Amino acid sequence: MLIVNYDHIVKNLEYLKNKYHKDNFLIIKNNAYNTGLEETINHCTQAGLNHFALTSLKEGIKAARANKNAYILIMNPLNKEEIKQAKEYKNIALSITSKEWYDLYKEDLKNIKLHLKVNIGMNRFGLSDIDDINDILSSNRNIEGLFTHFPVSDIDDLTIHNKQVDSFVKIYNKIINKEQLKYIHSQNSATLLLDDNRLSFCNFGRIGILGYGYSPTTFDSNLKPSIYLNAKVVAINKIKENEYIGYGLSNKMDKDKLIAICNIGYGDGLNKLRVHLPVYIKNKEYKVLAVSMSHLIVEVDHNIKIDDIVEIYGDHIRIDHLLNYCDTSCSIHMSSLHHQKNND
């Protein structure tokens, strides 16, 4: 069972706000990283944390309906019909993702809040010509936000990242109508952790994984995990030395062992690399031997019984601990898990 601790999400956002002295747009795309979009919004807004960003209109409308006090930024470009639907919700803002897109839908974008995206090297969305940026800003007073995205702030070599920061600062310094920009946000989770003084003009961060309690780079023990994933022991088997467990012949026993079969596997979204981390049963650490589609095999002792609860992720084992064993991000692990309501 997957349980989400929404209080921890709120505490993480409050901690990051106090530490870095700026508010944050919390990324809530893909069902808020599988924590539950509406539940995440409602817990945050009750604590006065009202700013959120996502990518699709469908989730944007769902978020806008969840709480009228929530400020929802849709970051992907929308088409004409989608813009019309978005305008029905006063708490939705849209992103200007290219000059071509803006010129095409300029008339449709009247009376809607807008953020202008700058492209500094990711080459997905955004404008890079300062003349185009200033022309659009001067022609539309509904533009109240400016943002970019730093795609390589989570690697050891920050040479390219530093050039991209310099590019964004250079563009910002040449913007004429800065006074209309209520929201300036560029720092994703990894960039926020760098605490770069060059980006001090950004009054908002725009974080994903940090808000949910996990770090893409430097571990911070003050962050509280939001994901608590448990399974159950459904069988216990005695395995003799030189016998095998699981598929193939890669798991040959070097001695007699007692193993527990747990009712979770990669078919439930659990990454196969989870085999590198232990689980906890009755607050004791046990070694994982194999991960299959529907089962996790754990080496145990005689203290473990059928129906015992197995901590897959929680206070002992965090999702970001997996980063020591794989190159994939915390967000990939989170978004692959099957979300269940707290009371399921």
Side-chain angles (χ1 to χ4, degrees), residues 3-29 32-33 35-54 63 66-73 75 91 93 115 144-150 153-154 158 161-162 165 168-169 172 178 181-228 313-316 318-321 323 329-331 334:
I3 298 173
V4 180
N5 190 319
Y6 296 104
D7 289 338
H8 281 187
I9 296 175
V10 170
K11 288 179 180 178
N12 291 332
L13 291 172
E14 290 174 340
Y15 163 70
L16 293 167
K17 177 179 179 179
N18 292 330
K19 181 175 181 179
Y20 296 104
H21 309 294
K22 61 182 66 184
D23 287 307
N24 283 289
F25 281 89
L26 177 65
I27 301 294
I28 55 170
K29 62 184 178 181
Y33 287 67
T35 64
L37 184 146
E38 292 164 312
E39 297 94 330
T40 298
I41 287 176
N42 285 328
H43 277 79
C44 289
T45 52
Q46 286 170 17
L49 304 164
N50 299 323
H51 296 84
F52 307 92
L54 39 70
N67 195 302
K68 65 180 181 180
N69 293 320
Y71 183 107
I72 308 299
L73 173 63
M75 296 182 290
N91 54 341
H115 290 223
E144 59 182 23
L146 182 83
F147 72 109
T148 192
H149 187 70
F150 294 113
S153 56
D154 57 352
L158 293 175
H161 169 74
N162 284 326
V165 171
F168 185 56
V169 172
Y172 174 76
K178 292 185 179 69
L181 299 174
K182 183 178 179 180
Y183 304 103
I184 306 172
H185 46 107
S186 68
Q187 292 149 298
N188 56 13
S189 292
T191 312
L192 188 69
L193 290 172
L194 294 173
D195 200 15
D196 193 332
N197 285 331
R198 290 174 296 174
L199 297 171
S200 59
F201 62 90
C202 298
N203 59 348
F204 271 75
R206 194 184 60 259
I207 59 170
I209 204 71
L210 275 182
Y212 300 98
Y214 308 106
S215 173
T217 52
T218 306
F219 179 74
D220 188 337
S221 60
N222 292 295
L223 294 172
K224 306 297 183 183
S226 58
I227 294 293
Y228 288 76
Y313 291 121
D315 291 323
H316 292 102
R318 300 162 50 97
I319 288 176
D320 44 6
H321 289 162
L323 299 184
S329 66
C330 295
S331 57
M334 284 187 69

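None of the values given here were measured: they were computed from a predicted structure.
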Kindly determine whether Y183 and F25 satisfy ring pair (Phe, Tyr, Trp, His ring centres under 6.0 Å), including the steps that lead there. CA-CA 10 Å; Y183 304 103; F25 281 89; 5.6 Å; yes
Provide the closest heavy-atom pair for L26 versus G211 in the form atom of the first, atom of the second, distance. CD1-CA, 4.1 Å
Supply the atom-to-atom distance S331 OG to Y33 OH, rounded to the nearest 0.5 angstrom. 5.5 Å
Flag for T45-N69: side-chain donor and acceptor within less than 3.5 Å: no
Can you list everything that forms a side-chain hydrogen bond (donor to acceptor under 3.5 Å, both in side chains) with K29? Sequence neighbours excluded, please. none
Salt bridge (Lys or Arg N to Asp or Glu O under 4.0 Å) against D220, all qualifying residues, sequence neighbours excluded: K19
Can you tell me which residue pairs pass the salt bridge (Lys or Arg N to Asp or Glu O under 4.0 Å) test with a partner in residues 5-18, sequence neighbours excluded? K17-D23
Residue set satisfying side-chain hydrogen bond (donor to acceptor under 3.5 Å, both in side chains) with T40, at least two apart, ordered chain then number -> T35
Hey, what do you get for CD1 (I72) to CG (L37), rounding to the nearest 0.5 Å? 7.5 Å
Enter the distance from C44:SG to H51:NE2 here, rounded to the nearest 0.5 Å. 12.5 Å
Not counting sequence neighbours, which residues clear side chain to side chain contact (heavy atoms under 4.5 Å, CB included) with K178? List them please. Y172, I175
dist F52:CZ -> N91:CG (nearest 0.5 Å) comes out at 10.5 Å
In I207, N203, L73, the residue satisfying side chain to side chain contact (heavy atoms under 4.5 Å, CB included) with H185 is L73
What orientation do Y6 and H43 show, parallel under 30°, tilted 30 to 60°, or perpendicular over 60°? parallel
Suppose we screen for salt bridge (Lys or Arg N to Asp or Glu O under 4.0 Å). Which residues come up paired with D154, at least two apart in sequence or across chains? none
